[in-house]
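Remember, predicted model here, so these are calculated numbers, not experimental data. Chain A is the first sequence line, chain B the second, and so forth, proteins listed ahead of strands; every chain is numbered from 1.
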Amino acid sequence: MEEVRTRFAPSPTGYLHIGGLRTALYAYLFAKKQGGKFVLRIEDTDRERYVDGAVEIIYKTLREAGLYYDEGPDVGGPYGPYIQSERKNTYLEYAKQLVANGGAYYCFCSKERLEKLHESGATKYDKHCLSLSKEEVEARIAAGEPYVIRQNIPEEGSTTYTDMVFGDITVENKDLEDGILIKSDGMPTYNFANVVDDHLMHINYVIRGVEYLSSTPKYNLMYDGLGWERPHYIHLQPIMRDATHKLSKRHGDASYEDFIAKGYLKEAIINYIALLGWSPKDNTEKFTLAEMEQMFGLEGISKSASIFDEAKMRWLNSQYIHELSDEEFYEKAKPFYAKYQYLNDFDCKFLSGLLKGRAETLDDVGRLTEFLTLFDNFDLTLFRNAKWKTDEELAVKILPDLIGICKDKFDNLSDSLNEYALNSGLKKGQVLWIFRIAITGAQNTPGGASEMAELLGKDRVLSRLETVLKRLQ
RNA sequence: GGCUCCAUGGUCAAGAGGUUAAGACAUCGCCCUUUCACGGCGGUAACUCGGGUUCGAAUCCCGAUGGAGUCACCA
């Protein structure tokens, strides 16, 4: 059986957006599942949209996400170069071949004529230059007149192909335009470069966005004209921000690196986007890349667009975070601990054990510890708790005892506090509530009374208890 | 507007003629609990509409509606 070869062919226009990453992921998974090859090709035929550094971002993101490509610009391969601008000469050669057999023709129409044509109500090019004689064409080229090469699409008939997720797609040839294959600057358009490269790189499964679903017949006509075997097609519906808008960085939607910066784990991001538009047979929702490589299949691909739901990704992220060891959490959260300066005064390793089970994102180390900065002048009514029947009055009463316990038995605080409750006829919860409020000044904390005491340390605990007692008096 | 595609709860998404129409997130409630969270249990909530076909349609057909894509010397 023929080896499966898929590719991811992004344009270096800045960043790798979530939709692009998912396309890459599916292409990668499909190839891996089949034991095939996944190749990366950079489509930079549009010099105007080129952004410096964008290529590096693509390499970096793909690698970081674990989507290793078998062939690509920076890893090489048998069908290079893998950057279209470095293949410029190849395209013209094939365009000429197409011209020779009638599948394409030279066109000298000026922008002005094209505009006029459009204004006159024409919906597509009128094949004006198709009638030029070979001699005239040669003469005008020799005279240095600028030209483009257009595809010659039959005016009759229709073209059909089978998309592996959408089924048969048929388009009337008369609805297709004689698109430009080679631009006047000598560069191929996407339409042409794509076909030539996919063929030359032996790509037999083309996985890309649905925006190409209805123009694929044009590409097939090129394959036919060049005598090449058509590849299989798999088109993917987009990931949406809401029901009517695609997810896009331009509109402020987060990209892969934004989510990393927000404290998402790459495993969670990959896992989540895999689920947007695909679901495994058994409906599992949490799996590693390696597992996906085994489970992936075209049957699970959805025919409709899906809306990105950060809440669900957060949940998935929290699942991955909870699984981390304290040590791993600490290592991964380091950049975030650094982000919140007040945490410098605390033992972040100890904190990791407390935060790991509560954080949904790595950045939550800030949100969950914010109370540490708010202790001064906290609201004393926090001592009131309906369930435990506590209030400021009770707090004033027992705080001196609690201070004493901390002075003498700080190392064995939990037991000592329990013992105190027992002896004083109070409920455990009453003592602990008052104690925890008194040392943290927060209703919600990432740990219980004794854990918070350990985090703060004896000195801080004592000084806080005394401060609070004074305020209450 | 022409052409192509799509349509199950708020979201993702099973389902491929006969189901009490799964599951997950979110939401609500209860339990657990020294707060919060985690975890456990339970609730609310869906087949866009209208015609067919059929003994029987979320599933098949047609139409309408809604949405997306595409009609560039952008990819």
Strictly under 3.5 Å: I want the nitrogen or oxygen pairs between protein and nucleotides 39-46 of chain B, one per line.
none

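- Partners of F8(A) by ring pair (Phe, Tyr, Trp, His ring centres under 6.0 Å), not counting sequence neighbours: none found.
- For the C1' atoms, the distance from U11(B) to U44(B) is 16 Å, rounded to whole Å.
- The stretch residues 230-251 of chain A touches RNA chain B through Q237(A), A243(A), T244(A), each having a heavy atom within less than 4.0 Å of the strand.
- Scanning for ring pair (Phe, Tyr, Trp, His ring centres under 6.0 Å) contacts around F375(A) gives F378(A), with sequence neighbours left out.
- Residues satisfying the side chain to side chain donor-acceptor pair (under 3.5 Å) criterion with R367(A), sequence neighbours excluded, are D364(A).
- For Y337(A), there are no ring pair (Phe, Tyr, Trp, His ring centres under 6.0 Å) partners, not counting sequence neighbours.
- The base of U35(B) lies close enough to the side chain of T445(A) for a donor and an acceptor atom to sit less than 3.5 Å apart.
- If you check every strand for non-hydrogen atoms under 4.0 Å, G448(A) touches a base.
- For K286(A), the side chain to side chain contact (heavy atoms under 4.5 Å, CB included) criterion is met by N271(A), L316(A), Q319(A), Y320(A), E323(A), not counting sequence neighbours.
- Non-hydrogen atoms lying under 4.0 Å from RNA chain B are contributed by K428(A), L432(A), W433(A), R436(A), all within residues 421-438 of chain A.
- Among the atoms of the strands shown, only primed sugar atoms or phosphate atoms (P, OP1, OP2) are found under 4.0 Å from some heavy atom of T123(A).
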Listing time: all N or O pairs from protein to nucleotides 9-12 of chain B that are below 3.5 Å?
residue: C12(B); atom: OP1; partner: I307(A); partner atom: N; Å: 3.2
residue: C12(B); atom: O2'; partner: L275(A); partner atom: O; Å: 3.3

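- Listed by first and then second residue, the side chain to side chain donor-acceptor pair (under 3.5 Å) pairs that reach into residues 409-435 of chain A are D401(A)-Y420(A), sequence neighbours excluded.
- Applying the ring pair (Phe, Tyr, Trp, His ring centres under 6.0 Å) definition to pairs two or more places apart or across chains, those involving residues 145-178 of chain A are Y106(A)-Y147(A), Y161(A)-Y233(A).
- Applying the salt bridge (Lys or Arg N to Asp or Glu O under 4.0 Å) test to pairs two or more places apart or on separate chains, none has a residue in residues 155-174 of chain A.
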